[in-house]
Amino acid sequence: MSKDHDDVDGTGSSPLTPSPEDAERTVEAAEPDGDTGTTGDRETAAVGAGVAAGSARAAARRSAGSAPAEADEGKGAPTQRRGSEAPARGNIFARLARFLREVVAELRKVIWPNRNQMVTYTIVVIVFVVFMVTLVALLDLLFAKGVLGVFG
């Protein structure tokens with residue numbers, strides 16, 4: 001008479017946990033080419049059977065073995081040292097002009113606050129500083145009286 005509260009359809013399986021038959025169908029759907037892979041892959045697929053067969057993780061697992069070798073060509077190679085193939089630095093005026101152009105370009109990207117925001121931010125900073133100065137002054141006075149009380 002006592003039914004599990006997750007047993008919605010009366011079959012004895014929860015809608016959140018798939019039945020063993022559903023798990024096997026999901027494993028077969030995740031491996032359409034018949035390649036079951038290693039035993040660990042099959043166990044992982046059976047454990048994660050609730051995940052859709054077209055999930056990104058399953059797709060990454062299926063394509064992990066078939067990655068082209070040329071994708072890893074740059075991996076593991078040391079960074080090239082600066083040498084004679086480095087471009088000339090140029091004279092000091094050219095470098096200074098380039099630096100100033102880059103500074104202006106970066107400053108154009110900045111979102112500047114308007115007048116109301118600046119007034120608000122300034123008031124907030126002043127109030128915070130006054131609060132902290134008062135707190136430190138009171139703690140200093142308290143500790144000074146404590147030290148005089150203890151050491152006389």
Side-chain angles (χ1 to χ4, degrees), residues 2-9 12-19 22-23 25-27 29-31 37-152:
S2 77
K3 259 193 199 178
D4 189 10
H5 60 75
D6 289 335
D7 185 13
V8 176
D9 58 356
S13 67
S14 167
L16 299 178
T17 56
S19 67
D22 290 340
R25 273 186 260 139
T26 305
V27 169
E31 299 164 349
T38 63
T39 306
D41 290 341
R42 188 166 183 84
E43 290 172 359
T44 304
V47 169
V51 179
S55 70
R57 186 176 294 169
R61 223 181 298 128
R62 284 192 302 264
S63 65
S66 62
E70 56 269 358
D72 291 334
E73 279 183 14
K75 304 282 183 177
T79 304
Q80 293 181 357
R81 289 188 174 195
R82 293 184 184 181
S84 59
E85 68 272 358
R89 293 177 62 180
N91 66 18
I92 186 80
F93 297 112
R95 288 187 289 161
L96 183 62
R98 179 178 174 205
F99 173 75
L100 292 176
R101 278 195 310 270
E102 290 177 3
V103 167
V104 170
E106 289 297 321
L107 287 176
R108 286 185 179 151
K109 296 177 187 177
V110 174
I111 300 173
W112 297 98
N114 60 27
R115 183 179 179 89
N116 290 335
Q117 290 172 330
M118 281 304 299
V119 169
T120 303
Y121 297 157
T122 303
I123 290 172
V124 167
V125 168
I126 290 172
V127 167
F128 180 75
V129 168
V130 167
F131 173 76
M132 292 305 294
V133 166
T134 306
L135 179 68
V136 169
L138 288 175
L139 288 174
D140 182 48
L141 183 66
L142 179 71
F143 288 138
K145 290 212 183 254
V147 167
L148 282 176
V150 171
F151 297 111

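Model, not experiment: these values are computed from the prediction.
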dist D140:CG -> L135:CG (nearest 0.5 Å) comes out at 11.0 Å

Less than 3.5 Å apart, which donor and acceptor atoms pair up between the side chains of residues 116-131 and the rest of the protein, not counting sequence neighbours?
unit_1	atom_1	unit_2	atom_2	d
Q117	OE1	N114	N	3.0
T120	OG1	N116	O	2.9
T122	OG1	M118	O	2.7

Run the side-chain donor-acceptor check on residues 90-106: report pairs under 3.5 Å with partners two or more places apart or on a different chain.
unit_1	atom_1	unit_2	atom_2	d
N91	OD1	F93	N	3.3
N91	OD1	A94	N	2.7
R98	NE	E102	OE2	3.1
E106	OE2	K109	NZ	3.1

L142 meets the side chain to side chain contact (heavy atoms under 4.5 Å, CB included) criterion, sequence neighbours left out, with none

